[in-house]
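Inspection log for the structure reproduced underneath, given as structure tokens.
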Amino acid sequence: MDIIGPRQIELKVHGLTMEDHGRVPARIFANKLKQLVGALEAADAVANGTVIHTYILASMHMSEPTAVLSEVPLKEEVEFRSSAIPVFNDAVEGIKTNDMRVERLAPVVKKVGLLSSGAASKFGFAEVRTADATVVRIDSFLQKRAAQIRRSANERWFNGAAIGTFDGILDYVDNRGSLPQIKLTLTAGGKEIDCI
């Protein structure tokens, strides 16, 4: 695992199954990398009024398809202004909790929706890690939440996070990556819940 410096961000893509751990089609990895850059550019425009940074490939690893990007100014004479990376993380957190940030960060939310597309059907999941040790899981849950936000922009019903407890049977644990996932089958009703 690389040390992520300031103004750097890492993308790691995992295969569909635990057996496919390090095997991800090149087209899928390249597409997710392109979509991450698109989301960062949208975040840059939100943070600075326009895109003032570019993203340079700092390192890559093939054993687990991973790329580290460095955020640098587009023009040498442009001083560093606000980084897009915290804005990207803020948009992801807004999607997860479906709070008011999604309206303010709508262009980034749309790009994060694209980044999460194909999770669980074309790739297992991805992780985005930053210098402050923040790890974002790009998976089918995030994809569903982003799609829900797009559909429910005009709805007035409650849609968001609530605190509660569940009773059930632990079906499996997927411990790949930094954020393990479990599947819980509820005792009442038998509904399955994916938890991170």
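Since the model is a prediction, treat every value here as computed from it, not as a measurement. Side chains included, hydrogens not; waters and symmetry mates left out as well; all remaining heavy atoms used. Start at 1 with the first residue, then count along the sequence.
Under the 4.5 Å side-chain heavy-atom criterion for Ile, Leu, Val, Met, Phe, Trp and Tyr, Leu114 and Leu36 are members of distinct hydrophobic clusters. Met60 and Tyr55 fall within the same hydrophobic cluster, defined by Ile, Leu, Val, Met, Phe, Trp and Tyr side-chain heavy atoms under 4.5 Å apart, directly or through other members. Residues Val24 and Leu33 fall within the same hydrophobic cluster, defined by Ile, Leu, Val, Met, Phe, Trp and Tyr side chains chained together at heavy-atom separations under 4.5 Å.
Note that CD1 of Ile193 and OG1 of Thr185 are 9.0 Å apart. Values are rounded to the nearest 0.5 Å. How far CG of Asp139 is from CZ of Phe123: 8.5 Å, rounded to the nearest 0.5 Å. The OG1 atom of Thr54 sits 12.5 Å away from atom NZ of Lys75, with the distance rounded to the nearest 0.5 Å. Distance CD/Glu93 to CG/Asn98: 13.0 Å, rounded to 0.5 Å. With rounding to the nearest 0.5 Å, the separation of CE in Met100 from CD in Glu103 is 4.0 Å. Considering CD of Glu192 and CD1 of Ile169, their distance stands at 11.0 Å, rounded to 0.5 Å.
Shortest non-hydrogen contact noted between Leu142 and Val112 is CD2-CG1, 3.8 Å. Of all heavy-atom pairs between Ala119 and Ser140, the closest is CB-N, 3.4 Å. Taking both residues in full, the closest heavy atoms of Val87 and Ala47 are given as CG2-CB, 3.8 Å, listed atom of the first, atom of the second, then distance. Here the shortest heavy-atom pairing between Gly94 and Val102 reads O-CG1, 3.3 Å.
Applying the side chain to side chain contact (heavy atoms under 4.5 Å, CB included) test between Lys122 and each of Asn31, Ile28, Val13, Leu16 identifies Ile28 as the sole match.
The 12-atom threshold is exceeded at CE of Met62, counting heavy atoms of other residues, nucleotides or ligands nearer than 6.0 Å. Within 6.0 Å of atom CG in Leu170, more than 12 heavy atoms from other residues, nucleotides or ligands are found, so the atom counts as buried in its surroundings.
Here the side chain of Asn48 pairs a donor or acceptor atom with the backbone of Ser82 at under 3.5 angstrom. Not a single donor-acceptor pair under 3.5 Å links the side chain of Arg7 to the backbone N or O of Ser70. Here the side chain of Asp99 pairs a donor or acceptor atom with the backbone of Arg101 at under 3.5 angstrom. A donor-acceptor pair under 3.5 Å links the side-chain atoms of Glu71 to the main chain of Ala84, judged by distance alone. Between the Ser117 side chain and the Leu115 main chain, no donor and acceptor come within less than 3.5 Å of each other. At distances below 3.5 Å, at least one donor-acceptor pair connects side-chain atoms of Gln8 with backbone N or O atoms of Gly5. Of the possible polar contacts, none joining the Lys32 side chain to the Ser116 backbone as a donor-acceptor pair under 3.5 Å is found. Judged by distance alone, the side chain of Thr187 and the main-chain N or O of Asp167 form a donor-acceptor pair under 3.5 Å.
Counting heavy atoms from C-beta on, the side chains of Asp90 and Leu105 come closer than 4.5 Å. When side chains are defined from C-beta on, Leu69 counts as touching Leu57, because their heavy atoms get closer than 4.5 Å. At a threshold of 4.5 Å between non-hydrogen side-chain atoms, the residues Val136 and Asn89 count as touching. Using a 4.5 Å heavy-atom threshold, the side chains of His53 and Leu74 count as separate. At a threshold of 4.5 Å between non-hydrogen side-chain atoms, the residues Ile138 and Val128 count as touching. Between Val108 and Val46, some side-chain heavy-atom pair lies under the 4.5 Å cut-off.
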- [ ] I would like to know whether Thr130 and Phe88 meet side chain to side chain contact (heavy atoms under 4.5 Å, CB included); could you show each step before the answer?
- [x] CA-CA 11 Å; Thr130 57; Phe88 170 83; 6.0 Å; no
TODO: Begin from the C-alpha positions of Asp171 and Leu184 and carry the test side chain to side chain contact (heavy atoms under 4.5 Å, CB included) through to its verdict.
DONE: CA-CA 6 Å; Asp171 288 330; Leu184 180 69; over 6 Å; no
TODO: Apply side chain to side chain contact (heavy atoms under 4.5 Å, CB included) to the pair Gln181 and Phe141, showing each step before the final yes or no.
DONE: CA-CA 11 Å; Gln181 181 180 18; Phe141 171 78; over 6 Å; no
- [ ] Would you sort out whether Leu11 and Thr66 count as a side chain to side chain contact (heavy atoms under 4.5 Å, CB included), showing the intermediate values?
- [x] CA-CA 6 Å; Leu11 172 69; Thr66 306; over 6 Å; no
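Between Lys183 and Asp174 there is no salt bridge, since no side-chain nitrogen of the basic residue lies less than 4.0 Å from a carboxylate oxygen of the acidic one. Between Lys12 and Glu64, at least one side-chain nitrogen of the basic residue sits less than 4.0 Å from a carboxylate oxygen of the acidic one, meeting the salt-bridge criterion.
A donor-acceptor contact closer than 3.5 angstrom links the side chains of Glu127 and His14.
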